[in-house]
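Sequence positions, counted from 1, serve as the residue numbers for this chain. In each ligand, atom 1 is the first atom listed, and ligand 1 is the first ligand listed. Since we're looking at a predicted model, the values are computed, not measured.
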Amino acid sequence: MSDELQNLRNNIDRLDEEILARLAERARSAQRIGVIKQGNLYRPEREAQVLRRLAAANPGPLPDQAVQRIFREIMSACLALEHPTKVAYLGPAGTFSESAARKHFGGAAALMPTAAIDDVFRAVEAGNADYGVVPVENSTEGAVGGALDLLLANPLKICGEVNLRIHQHLLSKAEGIGAAKRLYSHAQSLAQCHEWLNRNLAHLSRVPVASNAEAARMASEDPESCAIAGEAAAELYGLNVLAANIEDDPNNTTRFVVIGDHDAGPSGEDKTSLVCSSLNRPGAMHALLEPLARHGVDMTKLQSRPARGGLWEYVFYVDIDGHREDANVSAALQELNERAAFVKILGSYPVAAI
Ligand SMILES: C=C(O[C@@H]1C=C(C(=O)O)C=C[C@H]1O)C(=O)O
């Protein structure tokens, strides 16, 4: 081995020991904070601030995202010293919801798969999980209506958001597509790859199933089939990737929200989500949203859903920039409240840091 190589490795060994000693010191500080806080240690706003500060201070050559992923894991491990955070998600193992939960809570969290989205809400409400992660919208396919309805009906709060780039792969137990007779996937995933499928596999019958992880499981038992699912499902079920990244939109992204029994404190870069309905008279919708513009509050999402119980009546899901405790947001929300037939604040939370 050359002297230079040996020297560099010696240097890395010494640095690793320094990093390890500092990690231990950091973990002890987090433990002491746990004693002072007594109770729930997790603070989404503080974690977002840590990740943003480190990205801003990053001297390179590691990219900001790599630095943030490393520190996400450090915080996850520090938090687990108290007790591993229990997070419910729409299962089974291998779904994109699982990847979103991992991305947000890190490797030390205890993830709990559930059979349906409403079970995620139930697990958190019953205290069987500390938090839940649910998909709310996809950049190709739009709103996940069921999740929006549950957010309205449920007392839980949104305390975070996760954006996950969704890469879809064509998977099979077989080495090639030649013998395949069926294609399994979730309807959302089939829709996200619609054009690619029409161009490349128009002859194959498409079978929608409960989740893409379930599709991967079925394909693992049936070599005459293939599935569309993500990397996590491919690994879990030992499938070959016959074609990678087959989503039609190269920016295909799903937005998830984190739900818990409280929302988050202000982090300096926040969003607030609410649901409202206007009085049923001309110009009511404009009157409802006008205070936002007047107080300089940016609206980043406006989505309507049919209101349960009234034919052709709608509720509106609104996301705005800022925390509900920020002066301009608080003033705008108070006026909106006076003008609306109904308002529910779903929560304020940090803008996704990674
Ligand atoms: C240590 C704290 O508690 C938790 C652990 C954090 C960390 O390891 O940096 C950050 C926020 C909390 O989720 C804190 O509030 O500062």
Starting from [atom], locate the nearest protein heavy atom and write down its residue, its atom name and how far away it is, to 0.1 Å.
atom	value
atom 4 (C) of ligand 1	L41 O, 3.6 Å
atom 9 (O) of ligand 1	R26 NH2, 2.8 Å
atom 6 (C) of ligand 1	E47 OE2, 4.2 Å
atom 15 (O) of ligand 1	K37 NZ, 2.7 Å
atom 1 (C) of ligand 1	I33 CD1, 3.6 Å

Hey, which atoms in ligand 1 end up nearer than 4.0 Å to a heavy atom of [X]?
X	value
L79	4 (C), 13 (O)
C78	8 (O)
M75	7 (C), 8 (O), 9 (O)

What one should report as the nearest heavy-atom pair of A123 and M112 is CB-CE, 4.3 Å

More than 12 heavy atoms from other groups under 6.0 Å of [atom1] on [X]:
X	atom1	result
E231	CD	no
E221	CD	yes
K181	NZ	no

- Message: Classify the ring geometry of Y314 against F316: parallel below 30°, tilted from 30° to 60°, perpendicular beyond 60°.
- Response: tilted

Keeping the roles fixed (side chain from S76, backbone from A108), state whether a donor-acceptor pair exists under 3.5 Å.
yes

Honestly, for R46 the part within reach of ligand 1 (heavy atoms, under 4.0 Å) is side chain

Do the ring centers of Y42 and Y131 come within less than 6.0 Å of each other? yes

Notebook entry, point to check: Has ligand 1 got any nitrogen or oxygen that is less than 3.5 angstrom from a nitrogen or oxygen of Y42?
Noted result: no

